[in-house]
**Q** 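If you scroll down you'll find the structure; I have some questions about it.
Counting from 1, the numbers follow the sequence of the chain as shown.
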Amino acid sequence: DLLLPEIGRLIGDSIEGAQRVEQIVADLSDFSYLSDPQTSAEDINTLLRKTINIASSELKYKADIELHLAEIPDVVCHDGKIGQVFLNLLVNAAHAINDARGLITVSTGCGGETVWIEITDNGCGIPEANLGKIFDPFFTTKEVGKGTGLGLHVVKGAIDMHGGEIYVISTEGCGASFKVVLPIAGASGVNGPSE
């Protein structure tokens, strides 16, 4: 008798949970073709949403996600590699938030022949002395055994491969903002030899 009034809600919650698992598996499947050399025109906003969904277990206990996604043209890119860029930046943002629940803001826009993606957190920030080293291989501020120091190095390599740029603005104690700028038409390193 006690369960009867709750059955509808419990079944609804179970269906919602199963649909969420189905969506995460589909997003992981899309994300997993990192060895595929093919590039295609990709909707960056959709790729960001999929990546946020994949990272949800890492993000949901640390921060609220605020999206400011503009209408932008598709970008010719390798979706797995650019998805990995977004994943690394989002997870780093979550790790930068130490105590209280934080905020991660994801914004997109375009200008000229490029689109930009900005991921900003209100975490601990990056000391000025480290800003010039964060993209170096194996550089990490984490304790031994807590990270390889390759996350931002991989990010920089993938962005360079696409002919893009990455910028960081950070003040220790005041969060960090990473801005990725990608050419809309792709780069010769991604699409094959230049004409």
Side-chain angles (χ1 to χ4, degrees), residues 19-60 63-96 103-122 134-135 150-170 175-195:
Q19 289 170 337
R20 181 153 172 70
V21 168
E22 180 183 29
Q23 185 60 53
I24 289 172
V25 169
D27 291 345
L28 281 169
S29 178
D30 289 346
F31 199 74
S32 65
Y33 294 105
L34 292 176
S35 62
D36 182 357
Q38 297 300 314
T39 60
S40 57
E42 297 293 334
D43 180 339
I44 293 296
N45 291 337
T46 298
L47 191 53
L48 277 165
R49 285 188 185 97
K50 285 182 177 184
T51 306
I52 290 167
N53 193 34
I54 290 167
S56 64
S57 63
E58 189 78 36
L59 304 175
K60 66 183 176 182
D64 295 316
I65 307 295
E66 195 172 280
L67 299 178
H68 300 283
L69 306 181
E71 284 191 34
I72 56 175
D74 288 353
V75 172
V76 176
C77 66
H78 185 291
D79 63 339
K81 291 190 181 299
I82 295 302
Q84 186 68 53
V85 165
F86 298 156
L87 183 63
N88 286 5
L89 293 177
L90 286 163
V91 169
N92 280 358
H95 288 174
L103 176 67
I104 298 171
T105 304
V106 180
S107 307
T108 59
C110 63
E113 297 297 313
T114 63
V115 301
W116 56 264
I117 304 94
E118 194 163 24
I119 297 175
T120 302
D121 67 72
N122 64 350
I134 60 172
F135 297 110
L150 288 174
L152 289 176
H153 180 68
V154 168
V155 164
K156 180 82 165 67
I159 293 168
D160 287 348
M161 173 188 164
H162 286 80
E165 299 284 340
I166 185 167
Y167 307 94
V168 60
I169 298 171
S170 182
S177 181
F178 286 82
K179 186 173 188 175
V180 174
V181 180
L182 296 171
I184 293 167
S188 61
V190 175
N191 296 322
S194 57
E195 297 178 343

**Q** What are the two closest heavy atoms between Ile184 and Pro73, and how far apart are they?
**A**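 Where Ile184 meets Pro73 most closely, the heavy atoms are CD1-CG, 3.5 Å.
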**Q** To the nearest 0.5 Å, what is the distance between CD (Glu118) and CD1 (Ile169)?
**A** 7.0 Å
**Q** Minimum heavy-atom separation for Asp79 and Leu47, please, with both atom names.
**A**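 Residues Asp79 and Leu47, closest heavy atoms: O-CD2, 3.7 Å.
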**Q** Say you draw a straight line from OG1 of Thr120 to CD of Glu66; how long is it, rounded to the nearest 0.5 Å?
**A** 10.5 Å
**Q** Report yes if the side chains of Arg49 and Leu69 come closer than 4.5 Å at any heavy-atom pair, otherwise no.
**A**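 Side chain of Arg49 against side chain of Leu69, heavy atoms only: contact under 4.5 Å found.
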**Q** Does a side-chain heavy-atom distance below 4.5 Å link Phe178 with Val155?
**A** no
**Q** Out of curiosity, Leu59 CG to Ile54 CD1, how far, rounded to the nearest 0.5 Å?
**A**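 Going from CG on Leu59 over to CD1 on Ile54, the span is 11.0 Å.
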**Q** Could you pull out the closest heavy-atom pair between His153 and Phe135, with the gap in Å?
**A**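 His153 and Phe135 have their closest heavy atoms at ND1-O, 3.2 Å.
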**Q** Given side chains that start at C-beta, do those of Ile166 and Leu152 come closer than 4.5 Å, heavy atoms only?
**A** no
**Q** To the nearest 0.5 Å, how far apart are CD1 in Ile52 and NZ in Lys60?
**A**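 NZ of Lys60 is found 15.0 Å from CD1 of Ile52.
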**Q** Which residues satisfy the side-chain hydrogen bond (donor to acceptor under 3.5 Å, both in side chains) test with Glu165, sequence neighbours excluded?
**A**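 Glu165 satisfies side-chain hydrogen bond (donor to acceptor under 3.5 Å, both in side chains) with no other residue.
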**Q** Calculate, to the nearest 0.5 Å, the distance between atoms NZ and CG belonging to Lys50 and Asn53 respectively.
**A** 10.0 Å
**Q** Minimum heavy-atom separation for Ser170 and Ala176, please, with both atom names.
**A** OG-CB, 3.6 Å
**Q** Considering residues at least two apart in sequence or located in another chain, which fulfil the salt bridge (Lys or Arg N to Asp or Glu O under 4.0 Å) criterion with Asp64?
**A** Arg101
**Q** Under 3.5 Å, sequence neighbours excluded: what are the donor-acceptor pairs made by side chains of residues 104-117?
**A**
unit_1	atom_1	unit_2	atom_2	d
Thr108	OG1	Asn45	OD1	3.0
Thr108	OG1	Ala70	N	3.0
Thr114	OG1	Gly111	O	2.9

**Q** Side chains of Val75 and Glu42: does their closest heavy-atom pair fall under 4.5 Å?
**A**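 Val75 vs Glu42: side chains apart.
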**Q** Restricting to non-hydrogen atoms, name the atom on Ala158 and the atom on Lys81 that form the minimum distance, rounded to 0.1 Å.
**A** CB-O, 4.1 Å
**Q** To the nearest 0.5 angstrom, please state how far the CD1 atom of Ile119 sits from the CG atom of Asn92.
**A** 10.0 Å
**Q** Compare every heavy atom of Ala96 with every heavy atom of Asp121, then report the nearest pair and how far apart it is.
**A**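 Between these two residues, the closest heavy atoms are OD1-CB, 4.1 Å.
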